[in-house]
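Have a look at the structure below, then the notes.
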Amino acid sequence: MKQQHLVVYNSLTGSKQAFEPLVPGQVGMYVCGVTVYDYCHVGHARVMVMFDVIYRWLINLGYTVNYVRNFTDVDDKIIARANERGIEMNALTDEMIEAFHVDADALGCLRPSHEPRATLHMDEMIAMIRALVDNGHAYVADSGDVLYAVRKFSGYGQLSGKNIDELESGSRVEVDEGKRDPLDFVLWKKAKPGEPSWDSPWGEGRPGWHIECSAMSCAHLGDSFDIHGGGMDLKFPHHENEIAQARAANHGDFARYWLHNGFVNINAEKMSKSLGNFFTIREIGERYHPEVLRMFMLGTHYRSPLDFSDVAMDAAKAGLDRLYETARRLGLKQHSSDNVSDSFAAAMNDDFNTPEALAALFDVCRRINKNLDSGADVSADMAAFYAMTDMLGIVQQDAQAWFQAGDVDAARIEALIDERNQARKDRDFARADAIRDELAAEGIVLEDGANGTGWKKV
RNA sequence: GGCAGGGUGGCUCAGUGGUACGGCGGAGGACUGCAAAUCCUUUAUUCGCGAGUUCGAUUCUCGCCCCUGCCUCCA
């Protein structure tokens, strides 16, 4: 059954739905970014990569996409880290945002249309909080904090599929003195001495975490927009609270489709900073090309858990090498746009099923190799091959460089290859094999082809 | 405890009411002086367990076992 039109799994309804944007031809998409106090780990990478693929596919479908991904650049952890390091908060967040971009670029992620920072949207946040206070959805507690009254919002719990009473019965939340309800959350936090703060109708303070996303998404995309995404762990309470704030303050529906990606696990356990079982993108980058990490992620559907391991990364590298091998045989890349195979398109249209899309890519890859072997025409398949790899954001490097990157003395290798080929011509295979073994010991593999001998680093 | 998502070959990962996609790995073959790469063949009578519905279930229903996540900050 071919899927001609995009169907997405909407966390809000718990089912797959045909995707129909609010405005035909246009998509507004907001993805929760990161809190910038440290380097990104593999879990963050998954959000970046998967929503990058979604972004690319939406564009391919012909939509004009307004893709917004925020930076949380003020919060407790940031302040604590800045104090630890003895630097200003902004110095820390600027540094981490730059690092974020380096990592995202390395992973081959396109830049979003907008990357708003919380600290640059104080006016919007304060306006939204004021609206909530004015219409009775928020109140000023004895502590001076402004809190959101969850009981005043009838739809609370719709996204996470919970109701307030259930949440409270199993709640681990400490009951705060000033709260009218244990689930009430902070909209505006009164400043403590020495903390960064902004002026507001409720005195000096700073915004709560949830309000920034409500305010920034609506500021860039309007009170109603199409897609809101992020990691599964943000579903509750973060996204639930975003909905409560935005719908109570504005008149729109807020986000209509909610997309949540699964976690990255280590030994079947969630990778997280609190558990300390995480690898940063940079650490992985020392052992694997970032594109291997991307390939690894594409092999699993975005909503499923993804178990990170060296074995899995090695397998991803082997598969990616095979694609690069084909790219190398094809030679110069022919740019193409919408030549993806039908099965690839069907897979992507079915809630961005990248594992199935990869299967479609490998089908074409195999056919190309076969036809290249037999000398048949591959032009149509080549266009499809590159259209699909571009859509997935893989095979973006020069194929020759992919295999020959690293610390190698190419001139010396070429010289040895010449020497070996002379030996082969002289049928001195002992000498020829000795040279090959010598290079193999250095991780250089020789390949004798119809057009001479090539080499690659493994 | 409540809610959510899982358990598919050596590993990994899709999928479907009619005996299972792809990748990695293994085996055999073609090619090669030998390799490497590539191609071909092959690698699950079987989809956690038990029952039910059905002509037929891995796919639907029920029960059970196990795993993970969320319910607090977390992508």
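Proteins get letters first, then strands, A, B, ... in listed order; numbering begins at 1 in each. Fair warning: this is a prediction, and the values are worked out from it, not measured in the lab.
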Mind listing the side-chain donor-acceptor pairs of residues 27-36 of chain A below 3.5 Å, one per line with the distance, residues two or more places apart or on another chain?
{"residue": "Y30(A)", "atom": "OH", "partner": "N70(A)", "partner atom": "OD1", "Å": "3.3"}

Please determine, for the side chain of [X], which listed nucleotide ([options]) has the closest atom?
X	options	result
V47(A)	G33(B), A75(B), A14(B)	A75(B)
K162(A)	C13(B), A75(B), C71(B)	C71(B)
V445(A)	A75(B), C73(B), A36(B)	A36(B)

Any side-chain N or O of [X] less than 4.0 Å from the OP1 or OP2 oxygen of [N]?
X	N	answer
K370(A)	C40(B)	yes
S304(A)	A14(B)	yes
N369(A)	C39(B)	yes

Any chance you could encode RNA chain B as dot-bracket? Rule is Watson-Crick or G-U wobble with both distances under 3.5 Å; [ ] for pairs crossing earlier ones, | for another strand. (((((((..(((.........)))((((((.......))))))....(((((.......))))))))))))....
Side chains of D314(A) and Y288(A) only: does a donor on one sit below 3.5 Å from an acceptor on the other?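 Side chains of D314(A) and Y288(A): pair found under 3.5 Å.
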Classify every nucleotide of nucleotides 18-24 of chain B by which part a protein heavy atom approaches to under 4.0 Å, writing B for the base, S for the sugar-phosphate alone and - for neither, in 5'-to-3' order. ----SSS
Show the distances under 3.5 angstrom between N or O atoms of the protein and N or O atoms of nucleotides 26-32 of chain B.
none

How would you label the contact of F236(A) with the nucleic acid (heavy atoms, under 4.0 Å): base, sugar-phosphate, or nothing?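 Sugar-phosphate, no base atom in range.
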Pick base, sugar-phosphate or nothing for V31(A), based on heavy-atom distances below 4.0 Å to the nucleic acid.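 Nothing, no heavy atom under 4.0 Å.
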Would you please indicate if the ring centroids of F308(A) and H41(A) are separated by under 6.0 Å?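 Distance test on ring centres: not under 6.0 Å, no.
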Give the residues of residues 433-441 of chain A touching RNA chain B, defined as any heavy atom closer than 4.0 Å, sorted by residue number.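 Heavy-atom cutoff 4.0 Å gives D433(A), R436(A).
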What pairs with D94(A) under side-chain hydrogen bond (donor to acceptor under 3.5 Å, both in side chains), at least two apart in sequence or on another chain?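 In terms of side-chain hydrogen bond (donor to acceptor under 3.5 Å, both in side chains), with neighbours along the sequence ignored, D94(A) is linked to R117(A).
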